Structures are given as structure tokens and as C-alpha cells.
2 protein chains.
Amino acid sequence: MPLSAPGDEQDWLAAYDPREYPPVAVTVDVVALTLRHGTLHVLLVERGTPPHLGRLALPGGFLRAGRENLATAAARELAEETGLTELPRVHLEQLGSYGAPDRDPRMHVVSVAHLAFAPDLPDPQAGSDAAAAAWHPVDTLDPAALAFDHARILADALDRARAKLEYTPLAAAFLGPDFTIPELRAVYESVWGDPLHPGNFHRKVLSVPGFLRPTGDTTPHGSPRGGPRARRYRLGDADRLHPPLLRPAPDGG
Amino acid sequence: MPLSAPGDEQDWLAAYDPREYPPVAVTVDVVALTLRHGTLHVLLVERGTPPHLGRLALPGGFLRAGRENLATAAARELAEETGLTELPRVHLEQLGSYGAPDRDPRMHVVSVAHLAFAPDLPDPQAGSDAAAAAWHPVDTLDPAALAFDHARILADALDRARAKLEYTPLAAAFLGPDFTIPELRAVYESVWGDPLHPGNFHRKVLSVPGFLRPTGDTTPHGSPRGGPRARRYRLGDADRLHPPLLRPAPDGG
DNA sequence: CGAATAGTGTCTATAAGACAATATTAG
DNA sequence: CTAATATTGTCTTATAGACACTATTCG
């Protein structure tokens, strides 16, 4: 219920003037994930200003008030930090908002965090804005190296990513338009951190209706250490996996 | 990355003054769901001021800058609109943020929507703030009667609620501390809108580890139209259902 | 050739759904 | 008594996971 406030706020609401209002800033942050050399990486920038100068942070910035919606702002920030004007084949979704009053020492900042899945993108060295940005492996990343509450946001993003692979075809967002089932399995193994049984995985993904559609051709070569060529697939029309690909259960519970 | 902005914004950021900044308001809205007489209801208020005067809206209001976080603000708004100072046994979680520039005609408002599951609460007539609030059945609600983009928010909330029942024990949040398996089944049937097989449901919920814990006693009476007394249960310690209770598949795939 | 891998077959334990059966209670 | 309901039992079918096997390709 925007701008309708209860009780004692209602009077001055009628004659609303934003300049009298205690300020809240809205920013948009992006947890951009990609796979490089088979391991999961996240895009981080090194902060050039205080607070947390020199520490790593998620790419992000202010919402341009009155001019863009949240998803647009997230895509814009991601494009600026990667130096890519085009971001083809990148999945972008909202993750959640973080609004603790003290999460930024300067003022109350509400950050709307987003989650991006991208195929292997080039190193963000080109643009000037992207100079401080780089891909970092998530498994060797020290959470204490992150500024603000970005370690928490990253942790939430990884939880969400792992869950999304179970019941959506989004694993393919880490790959090109065509891909093989072993490549798809590598995505699941990297994000979930568990090795999967090749044969069972193969049969299972093929059994999900609408997940994969064969292109008819195969890879030109076998895998680096031998083996036959793999068939190539494209995404089907399903936007949910029925039945889902469940992770190996977290032990006893 | 709060307050770290790329390129041309970086200069004036150092000498940041919120009064020079294009204003964005942050509100918190709540989609509060409860079960009354076996049907799902949502808490709505009738707007007393333009825009959308007289139309129905989700309860909500401004985030108190610098003084509260998002979840606290949502709980406060819900308490104010229901007239209840205590909100025991209410599950509250963040749903998502809505920030299209034109969603409120007065200014750019980012609303952080929340989702609440509550046991059958009294009608919100008591407090003055809650005068215009009432529970509305969701299945007979005309989406066009809702102000702003609240129909979309409500639809997203229902999607989330239906999905959450599959893999979390949150159905119990609609019930008291003790409940019977038929009562729990009624929650699933109301939220999913499908009748479930009593026998199979019974066995299935009991088979999920950590979901239900028997209290040892039973209901004092049978159900209104006959039948034996039902055993009472309390929630177990699981916060996820493994394996999940999957909905009947949406037809062909 | 030897090793690694894509893809298929087979078997078993488990789970889901249809249905039946029994016991208990309301009216 | 009759109807409705809680709970348990049984059976069939689908699925997950373990494992084996074949064919293909790299070095």
C-alpha cells in the first residue's frame, strides 16, 4: 500500500513533501554467477571509496528514481560492471531486499539484491567502470572479505541458485544455446558441490518432459580424455521441471 | 553495493546530501493469509485517500528510516491493521520488491512485499487504524478491485504460498499449536484448491521425518458428521520437508 | 592398445496413488 | 442403525540409485 500510512502519519501525508521525509536510499545489487573452468565464480568489485575501502563488494548502485524499474536497474548495473553493453543469454531475477538500518554506516539504505546466471563471460577489463571488477571463485572466497552485508546476500544467492536448479531449467543459463548432457551435469555438480552419477543423470534429465530437445547433431570431438561424441541439446519449452531433480538428501534429516 | 555508484555518480557521492537526491520512497506491504471457515482469506484495507480512493489495498506503510528493518516494519504494519498488539504464531517472510516507476502516480515508490501466514485471527474492528481492514476470500476476489499493482503482488503471494506448502511445514502456521492430520489436510486443500486423498495424505505426512510429533491425546469429539476422534500433533523440528509433498501435477507437463 | 567417457540396460528399494477394510463417533 | 470419518492395509505403478555393459574416441 504505497503512500498510504496509518494514523499519525496520515496528516502530513496529504501534503507530502519528500524533502521533509527521513531519507531512505534504494540501491540495486547483483550477485552474478558464472562457471569458469568448471568452478562457480561471482562477480565482485573492489571498493574505491569508504566505507569498506579496498574490500570486495557486489556490483550495484542507485536506482534511478522515476526512470527505471528494479530489473532494469540490475541489468544496467551488471552491464556497466562487466563492460558489456549487450548481455545476451543472461538470466536475471530478483533475490530479495536487505534493509537493516545500520547495514550502511552513512544512512539507511535498502538494497534490492538480484541474482544473475551467465554463461562464461569475458574478464571485465574493458570499460573504465569495470576496471575494479573481477570474477572470484566462490568456494575459496573469504566471507569476511566482503563489504557491508554482502556475505549474507551471497550466501542467500547460493542457496537460491542451488534450489533453483532442482525445479527449473536454469542450469542451462550457465551454458551456450546448445549443450551436451555431460556439460549440463557439470553445471549441477559445480553448483551443488556433489558429484552426480553420469548414467542416472543422463536418463533423468531426458525423462523430464519439456526440459531438453535434441538438436540432431553431436560435438565435433569426444571429451579431452577420450570417449564418444556427445549429442547436443537445446532447452525445451518447460519453465519448471516436473518432476524436479532433487539434490542428494542432506544426510539424516 | 550500497552507496557506491559507478562513474559519473561517484563525485557527488563523496559529498552526499539526501536532499539533493531524486526521491524514492520505501514502503512495506503485507499479504496476510488466513483460513476462515475452510477458505483462504487475505487481509485488505479500503483506501481512504486518493489515489485509488475507496478501492482495496494491501495493508502497509512507510519504512521508518533509520529505525527499523524490513521485517520489523512488516510486523508493525500487520499489527496496526489487525488491531492486535501481539501477533503470536504468525509466520512472516519477505515476498519480493516492486519498484516500477509508475506504480504509484505520486512518486517512485519501492514496495517491499511480505507474506504472512496466520491462524484464524479475529475481525480487525477494534483499533481505529484497523477500521477499514477486513478479511476477504481470495477465490471470489476481483483482481480489478485492488489498488496499484496489488493484484500482481497478491498473485505472486499465492504462488509462493502454494509452493511453500510443498517443501516446508508452514501449513501448520494456519493452525493452532496442536492440530490433527485432517485439519492439516484441510489447509493443503484450501491453499492448493484440490481435494487430497485422506488415507494417502495421512500416511505421507507421517512419513516425512521431523514434520509431525504426536502429542499423545486426541480431539474430545469426532468430526461434526461422525467418525472417530483424531490424534493431535505438534510440529516437529524439521524446517524443510524431505521428501516434499508435491502437488498433483499440472496436467500434461 | 588402454583409459576415459557417452549412452543404455537391469535390478532393487522406495514412494505415490488407487482402493479396500476396520474401527469409531454423530445424529 | 446409518452415514461419515480416522486410520491402517494392500496392491500396482513409477521413480531413484546402484551397478554393469557397450560403443566410441583420445592419446
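Throughout, a chain's letter reflects where its sequence line sits, starting with A, and its residues are numbered from 1. Only a predicted model underlies this, so the values are computations on that prediction, with no experimental measurement involved.
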Checklist line | Given C:dT8, D:dG17, D:dT8, the nucleotide with the shortest approach to the side chain of B:Leu206 | finding: D:dT8

Notebook entry, point to check: Taking everything shown except B:Arg55 itself, do over 12 heavy atoms lie less than 6.0 Å from its CZ?
Noted result: yes

Check: Yes or no on side chain to side chain contact (heavy atoms under 4.5 Å, CB included) for A:Lys164 and A:Asp159, after CA distance, side-chain angles and deciding distance?
Finding: CA-CA 9 Å; A:Lys164 278 250 158 181; A:Asp159 280 348; over 6 Å; no

Next item on the list: Give the minimum heavy-atom separation between A:Ala113 and A:Ile153, together with the two atoms involved.
Entry: CB-CG2, 3.7 Å

Next item on the list: Give the intermediate values and the outcome of salt bridge (charged side-chain N to carboxylate O under 4.0 Å, His left out) for residues A:Arg231 and A:Asp178.
Entry: CA-CA 10 Å; A:Arg231 290 200 261 271; A:Asp178 293 3; over 6 Å; no

Margin query: With no hydrogens and no angle check, just 3.5 Å: does a side-chain donor-acceptor pair link A:Ser111 and A:Asp29?
Written below: yes

Check: To the side chain of B:Asn200, which of D:dA18, C:dA18, C:dT8 is closest?
Finding: C:dA18

Check: Sub-3.5 Å donor-acceptor pair from the side chain of A:Arg89 to the main-chain atoms of A:Gly176, do we have one?
Finding: yes

Next item on the list: Round to a whole Å and report the spacing from CG of B:Leu212 to C1' of D:dA6.
Entry: 15 Å

Notebook entry, point to check: In residues 217-235 of chain B, what residues come within less than 4.0 Å of DNA chain D, judged by heavy atoms?
Noted result: B:Ser223, B:Arg225, B:Gly226, B:Gly227, B:Pro228, B:Arg229, B:Ala230, B:Arg231

Notebook entry, point to check: Taking it one step at a time, do A:Tyr98 and A:Asp156 satisfy side-chain hydrogen bond (donor to acceptor under 3.5 Å, both in side chains)?
Noted result: CA-CA 11 Å; A:Tyr98 297 78; A:Asp156 291 347; 2.6 Å; yes

Checklist line | salt bridge (Lys or Arg N to Asp or Glu O under 4.0 Å) contacts touching residues 184-200 of chain B (sequence neighbours left out) | finding: B:Arg185-B:Glu189

Next item on the list: Please report how far the helix from C:dC1-D:dG27 to C:dG27-D:dC1 bends, comparing the axis fitted to its first five pairs with the axis fitted to its last five, to the nearest 10 degrees.
Entry: 20°

Checklist line | Distance, rounded to the nearest Å, where B:Leu246 contributes CG and C:dG17 contributes C1' | finding: 13 Å

Next item on the list: Describe, in one word, how the ring planes of A:His41 and A:His37 are oriented to each other, choosing from parallel (under 30°), tilted (30 to 60°) and perpendicular (over 60°).
Entry: perpendicular

Check: Within a strict 4.5 Å, meaning less than it, do heavy atoms of the B:Arg232 and B:Thr219 side chains meet?
Finding: yes

Margin query: I need the residues from residues 164-198 of chain B with at least one non-hydrogen atom less than 4.0 Å from DNA chain D; give them sorted by number, or say none.
Written below: B:Pro182, B:Arg185

Margin query: So does A:Val112 get a backbone contact from the side chain of A:Gln94, meaning a donor-acceptor N/O pair under 3.5 Å?
Written below: no

Notebook entry, point to check: Between B:Gly199 and A:Lys204, which has a closest nucleotide on DNA chain D that is more 5'?
Noted result: B:Gly199

Next item on the list: Report yes if a side-chain nitrogen or oxygen of A:His202 is closer than 4.0 Å to either non-bridging phosphate oxygen (OP1 or OP2) of C:dA6; otherwise report no.
Entry: no

Checklist line | Any residue meeting ring pair (Phe, Tyr, Trp, His ring centres under 6.0 Å) with B:His221, in chain and number order, not counting sequence neighbours | finding: none

Are any protein N/O atoms closer than 3.5 Å to N/O atoms in nucleotides 11-13 of chain C? If there are, list each pair with its distance.
none

Notebook entry, point to check: Can the ring centroids of B:Phe179 and B:Tyr233 be said to lie less than 6.0 angstrom from one another?
Noted result: no

